Amino acid sequence: MNTPYIAVQIKEDVYTEMKALHQLAAKPISDEDKALGADLLAQTYVQLLDTCFTHLLDDLNSSQPDKMLLDAAKVIHKVQSEAQHYIGWLIKFIANKRVPPVIHHFHDIVHLIEIDGAMKPFIVIPVTASYAEKARNVMDALKEKDTTRMEEGVELLIEAIETALVPLVYTPKDLMGFNFVISKTINGVINVLHTLFKHTLRKLPPHIKVESYPKVANHFTTFLK
């Protein structure tokens, strides 16, 4: 890709099943295929949150135990649980014919990227050049333990999340074509979880020790390409 992007690796088995389902979706799909698509979607959300946040929070907590960091991990688990619950609930309201566009959409945002000589599947989210430049500058400063940039780093992370919400959440929801009542319910859930997530992230900077800044910066730098 010529433009900067955020890339988060997904598991090989999820990619393999997603690719097979994408091929099946060229024809009318069965109830079993619809259920598999919902399960893959839920697995993808759980994996993305684990890769981006849970593993880092667990790492930080192992070296600098802190109640706020533990609470942040609990928020991540809550978001994962709610995503799994509502995907399972929503699938009951979707006609089989509405699932293939969602499958095709997720297939289109997964790209194979070479890592250590092997091609690995990644969810890819384009970002602007100005965002990428600012993010790299902040991450470089945090690697040098600049104590003035952590809050800015959190705001950039929130901006990345809001950018990712469009292809990962809002576009799939719109493709499913829910009626007004269900769509309004889902928007409400998304907004509540999003607000909770932002509030939690903004409370973290004072609880991250300066010596951990390079670890945090290196972690998030791996996603920006």
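Quick caveat, the model's predicted, so the values are computed rather than measured.
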Whether [Y] and [X] form a salt bridge (side-chain N of Lys/Arg under 4.0 Å from carboxylate O of Asp/Glu) is what I want to check.
{"X": "Arg202", "Y": "Glu151", "value": "no"}
{"X": "Glu114", "Y": "Lys120", "value": "no"}
{"X": "Arg136", "Y": "Asp140", "value": "no"}

Side-chain heavy atoms of [X] within contact of [Y], under 4.5 Å:
{"X": "Pro167", "Y": "Ile125", "value": "yes"}
{"X": "Ile94", "Y": "Val99", "value": "yes"}
{"X": "Leu156", "Y": "Tyr131", "value": "yes"}
{"X": "Leu224", "Y": "Val127", "value": "yes"}
{"X": "His105", "Y": "Pro101", "value": "no"}
{"X": "Leu204", "Y": "Leu69", "value": "yes"}
{"X": "Tyr15", "Y": "Lys11", "value": "no"}
{"X": "Pro121", "Y": "Met18", "value": "no"}

So, [X] side chain and [Y] main chain: donor-acceptor pair closer than 3.5 Å or not?
{"X": "Asp146", "Y": "Leu142", "answer": "no"}
{"X": "Thr171", "Y": "Val166", "answer": "yes"}
{"X": "Thr51", "Y": "Leu48", "answer": "no"}

[X] versus [Y], closest heavy-atom pair with distance:
{"X": "Lys203", "Y": "Pro206", "value": "O-CD, 3.5 Å"}
{"X": "Val102", "Y": "Pro172", "value": "CG2-O, 3.8 Å"}
{"X": "Cys52", "Y": "Val8", "value": "SG-CG2, 3.8 Å"}
{"X": "Met150", "Y": "Pro205", "value": "CG-CB, 3.7 Å"}
{"X": "Gly153", "Y": "Met139", "value": "CA-CE, 4.3 Å"}
{"X": "His104", "Y": "His22", "value": "ND1-ND1, 2.9 Å"}

- prompt: Under the side chain to side chain donor-acceptor pair (under 3.5 Å) criterion, do Ser30 and Asp33 qualify, and how do the steps go?
  reply: CA-CA 5 Å; Ser30 65; Asp33 294 332; 3.1 Å; yes
Working to the nearest 0.5 Å, report the span between [atom1] of [X] and [atom2] of [Y].
{"X": "Ile182", "Y": "Met176", "atom1": "CD1", "atom2": "CE", "value": "11.5 Å"}
{"X": "Gln9", "Y": "Phe122", "atom1": "CD", "atom2": "CZ", "value": "4.0 Å"}
{"X": "Thr16", "Y": "Ile10", "atom1": "OG1", "atom2": "CD1", "value": "9.0 Å"}
{"X": "Tyr5", "Y": "Ile113", "atom1": "OH", "atom2": "CD1", "value": "4.0 Å"}
{"X": "Thr195", "Y": "Asn191", "atom1": "OG1", "atom2": "CG", "value": "6.0 Å"}
{"X": "Asp39", "Y": "Glu17", "atom1": "CG", "atom2": "CD", "value": "7.5 Å"}

Do [X] and [Y] meet the criterion of a side-chain donor-acceptor pair at a distance under 3.5 Å?
{"X": "Ser212", "Y": "Gln64", "result": "yes"}
{"X": "Asp31", "Y": "Asn96", "result": "yes"}
{"X": "Asn137", "Y": "Glu133", "result": "no"}

task: Kindly state each residue pair satisfying ring pair (Phe, Tyr, Trp, His ring centres under 6.0 Å) with at least one member in residues 191-225, sequence neighbours excluded.
output: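 Applying ring pair (Phe, Tyr, Trp, His ring centres under 6.0 Å) to every pair that reaches into residues 191-225, excluding sequence neighbours, yields Phe53-Phe197, His219-Phe223.
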field: Option from Leu24, Leu40, Leu21 for which side chain to side chain contact (heavy atoms under 4.5 Å, CB included) with Ile103 holds
entry: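 Of the listed residues Leu24, Leu40, Leu21, the side chain to side chain contact (heavy atoms under 4.5 Å, CB included) partner of Ile103 is Leu21.
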message: Which residue in the set Val192, Asn187, Leu193 passes side chain to side chain contact (heavy atoms under 4.5 Å, CB included) when paired with Val189?
response: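 When side chain to side chain contact (heavy atoms under 4.5 Å, CB included) is applied between Val189 and each of Val192, Asn187, Leu193, only Leu193 qualifies.
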- request: Might you work through the side chain to side chain contact (heavy atoms under 4.5 Å, CB included) test for Ile123 and Val110, ending with a clear yes or no?
  value: CA-CA 5 Å; Ile123 295 272; Val110 175; 3.8 Å; yes
message: For Phe106 and Tyr45, take the angle between the two ring planes, folded into 0 to 90°, and tell me which bin it lands in: parallel under 30, tilted 30 to 60, perpendicular over 60.
response: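 The arrangement is perpendicular - the two ring planes meet at more than 60°.
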What pairs of donor and acceptor atoms, side-chain ones from residues 75-83 against any protein atom, are under 3.5 angstrom apart with sequence neighbours left out?
from	atom 1	to	atom 2	distance (Å)
His77	ND1	Gln80	OE1	3.2
Gln80	NE2	Val46	O	3.0
Gln80	NE2	Asp50	OD1	2.9

- prompt: Quick check: are there more than 12 heavy atoms from other residues, nucleotides or ligands sitting under 6.0 Å from NZ of Lys134?
  reply: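 Not buried by this count: 12 neighbours or fewer within 6.0 Å.
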task: Decide if atom CD of Glu144 counts as having more than 12 heavy atoms of other residues, nucleotides or ligands within a radius under 6.0 Å.
output: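 Open: at most 12 neighbouring heavy atoms sit under 6.0 Å from CD of Glu144.
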Cluster check [X], [Y]: I/L/V/M/F/W/Y, side chain < 4.5 angstrom:
{"X": "Ile91", "Y": "Val181", "result": "no"}
{"X": "Ile87", "Y": "Trp89", "result": "yes"}
{"X": "Met119", "Y": "Ile109", "result": "yes"}

task: Apply the test side chain to side chain contact (heavy atoms under 4.5 Å, CB included) to residues Leu60 and Asp66: give CA-CA distance (whole Å), side-chain angles for both, the deciding distance (0.1 Å), then the verdict.
output: CA-CA 9 Å; Leu60 291 174; Asp66 184 280; over 6 Å; no
task: Apply side chain to side chain contact (heavy atoms under 4.5 Å, CB included) to Leu70 and Leu57, showing your working.
output: CA-CA 8 Å; Leu70 290 170; Leu57 288 169; over 6 Å; no
